[in-house]
Amino acid sequence: MEVDQVVRLPRLSRVAVCGGTHGNELSGVYLVKELLKEERKVMEEDEKKLVSVLLVLSNLPAMQQCHRYVDTDLNRSFTHATLNDPISDVAPYEVIRARELNAMLGPKGSPEAVDLVCDLHNTTANMGLCLIAYSDRDWICMHIFRHLQREMPDTPIRFIHFDIADKESFSLDSVGKHGFALELGPQPHGVVRSNIYTAMKVGVQHMLNWVRLFNSGTVFEGGFVDVYTLIKHIDYPRDSETHNITAAIHPHLQDRDFCLLHPEDPLFQTFSGETLTYKGNEPLYPFFINEGAYYEKGIALYLARKRRVVVPAIQVQPEQQGFASKKEE
Amino acid sequence: MSSYSNTARVNEARRVAIFGGTHGNEMSGVTLVNLWMKNGIEIQRKGVEVKPFITNPKAVEKCTRYVDTDLNRAFTPENLSAPTGDDLPYEVQRAQEINRMFGPKGSPEAYDVIFDLHNTTSNMGCTLILESSKDYFNLQMMNYIKKAIAPASCLVLLNEHPLLKYSTSRSVAKHPVGLEVGPQPQGVLRSNIFEAMRVILKHALDFIEMFNEGVEFPPCSVEVFRVSERIDYPRDANGNIIAMVHPNLQDCDWEPLNPGDPMFQMFDGKTIHYQGSGTVYPTFINEAAYYEKQQAFVTTRRETLVASSIRKA
């Protein structure tokens, strides 16, 4: 392997693992609580201090109520505008909390921000394990993804790219220099399923192991990642007066996340039994099919294009090249 | 075999209600009742008034289980007889209103039958909930429904337990029937779950129509699962949950749980085993709403109930 083909990236000194960003997504809540219990033991073992891990419970009042949020969705409150524009005394709780988290883990876009944010989520959709990121060329995130795929071959693992400009990025994971949401489903909100919790725990452990390996100089070989890039969403058909939904996800589509949806395939089944079909002109990959929290956002499912992205080999920058770390493009 | 003198005479079921939204985030019932309030042709039957009704509109509006307190625990004698007032919790006010409209509970004026539609995150399939082993009308109806949907399954859960029984919205009626269909996450509408509930109600209403027309239903035996014990999650000294339903038990509602079988898995991976004295049949395994009620699952015992033949009075 030629040395000049390896992309050198700054060390990941500080990694944040966040749970309870949505208070009823319980795998992350219980996992962060468990990691906090184990923290003392972990810190003793990590003598060389290969990485500093910050464990965060993002939205305690929402967790207390076992609701997604108290006033407004915390995971939509991290746009530059929401973080920095003037706010009134009666700002929603989550806007205030987002600013606290930004101060703790950011500030977003600055050199002081943590190197990596891993934000833990669950979904009612049958999505397996997904890494959701804003970039399809953040080699750190993509190598972590490849590592998880290698280490967890029995788990369906996919990489989702939300093609949103940095200015518009809205979620907690956008606060770090690198970041992604670790999304696991299916799990009902307010429930912890042992298989989902265990997959999340194992995923986080492998992620942190990868960071330690990276920081100690391991070269990670290049390869391919199949990236699902979000193109659009489709809402439920709704009653024009009440705005209530008038159909459910069709039984043939329910639970078939990432199975290619072709034009004319069944999409919804109305309450009178009629089938409504997909009217797009290209086949796309559906995901977040029937996510409970998205009814109020007007999203029945998302649709993505899949393409293969070439990922270069990477290695940590050697210590003497100690420039202030910049967010890698 | 049916001797005329052993046939129970039961009053016609003239007034029937279908309750949806008793828990505002259990979407099958909310959706069905809203549908039928708009167009009730599907639930019309000769000789009976069938009223669809949203019991907890504020909770439905917020897509939450309840606003102040669980409506399906609120129909206690204390609540129903308390002086009316705006300072009462919202659901207690609702319980009093529902008791006025569909009761009073225990009186001759009460509705004959109330179907209360629920969903659960547990893998319970279609479940009918019975509150009295002596309600032959309900037993006969449940027997009819089970036969009508066969080979699809519909099990009967009997909650007659003196301590674990609770004061449900349907308890206002002479013949309360709970319909519990899962698994479905809260706030989610799954097409298959919705259709299953719809089919059960169709058969239930057919039964009532036939009964009112004078059909005699011969004696029958019905297998039921009788609620025995509530099992909570293991907790630490501060009351925090420290283990999850074990992967071997998750989704295994109605399957035998034997002493020594895995029951919980701690967050660090350790297994906790069932220590009961005999085989039980767990259900409501990992229901989201029950974490706060200190219930990981309930154990049941299988029993066969016999209903005498019934005919309208």
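Each chain gets a letter, A, B and so on, in the order the sequences are listed, and its residues count up from 1. The analysis underlying the following values was restricted to heavy atoms, covering all of them including side chains, and did not include hydrogens, waters or symmetry mates.
Contacts between A:N244 and chain B at a heavy-atom distance below 4.5 Å involve the side chain alone, from C-beta outward. Contact annotation for B:K38: only side-chain heavy atoms (C-beta onward) come within less than 4.5 Å of a heavy atom of chain A. B:Y291 touches chain A through its side chain: at least one heavy atom from C-beta onward sits under 4.5 Å away, while N, CA, C and O do not. Both the backbone and the side chain of B:N286 come within contact range of chain A, each with at least one heavy atom under 4.5 Å from a heavy atom of that chain. Residue contact with chain B, scored on non-hydrogen atoms closer than 4.5 Å, involves the side chain of A:Y295 exclusively. A:L31 does not touch chain B: none of its heavy atoms, backbone or side chain, sits under 4.5 Å away. Heavy atoms closer than 4.5 Å to chain B are found in both the backbone and the side chain of A:N290. For A:T198, the part sitting under 4.5 Å from any heavy atom of chain B is the side chain, from C-beta outward, and nothing else. Neither the backbone nor the side chain of B:N25 comes within less than 4.5 Å of any heavy atom in chain A. Contact annotation for B:E292: neither backbone nor side-chain heavy atoms come within less than 4.5 Å of a heavy atom of chain A. Both the backbone and the side chain of B:I241 come within contact range of chain A, each with at least one heavy atom under 4.5 Å from a heavy atom of that chain.
Closest non-hydrogen pair, A:V29 versus A:L57, comes out as O-CD2, 4.0 Å. In this structure, A:L184 and A:A199 approach most closely via the heavy-atom pair CD2-CB, 3.5 Å.
Of all the listed residues (A:G190, A:A248, A:S194, A:P188), the one sharing the greatest number of non-hydrogen pairs under 4.5 Å with chain B is A:S194. Most heavy-atom pairs under 4.5 Å with chain A, from the set B:L35, B:N39, B:N192: that is B:L35. Most heavy-atom pairs under 4.5 Å with chain B, from the set A:H250, A:K33, A:K201, A:Q187: that is A:K201. Here B:F267 is the residue among B:F264, B:F194, B:F267 with the most heavy-atom pairs under 4.5 Å with chain A.
Between A:Y236 and A:F268, the ring center distance clears the sub-6.0 Å criterion.
Between B:S191 and A:Q269, the side chains place a donor N or O and an acceptor N or O closer than 3.5 Å (distance only, hydrogens not considered).
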Requested in this report: Could you check A:N59 against A:H22 for side-chain contact (heavy atoms from CB on, under 4.5 Å), going step by step and ending with a plain yes or no?
Outcome: CA-CA 7 Å; A:N59 195 340; A:H22 294 134; over 6 Å; no

Report task. Given side-chain hydrogen bond (donor to acceptor under 3.5 Å, both in side chains), test B:N258 with B:T279 step by step and report yes or no. Result -> CA-CA 5 Å; B:N258 304 302; B:T279 297; 2.7 Å; yes

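In this pair, A:H206 and A:H147 present their aromatic rings perpendicular. The plane angle is above 60°, beyond the 30 to 60° band. Note on ring orientation: taking the six-membered ring where Trp is involved, the planes of A:Y228 and A:Y285 are perpendicular (angle over 60°, cut-offs 30° and 60°).
Of the charged side-chain nitrogens involved, at least one lies within less than 4.0 Å of a carboxylate oxygen, so that B:E42 and B:R198 count as a salt-bridged pair.
Among B:F225, B:F297, B:Y290, the one residue that satisfies the ring-ring contact (aromatic ring centres under 6.0 Å, His included) test with B:F284 is B:Y290.
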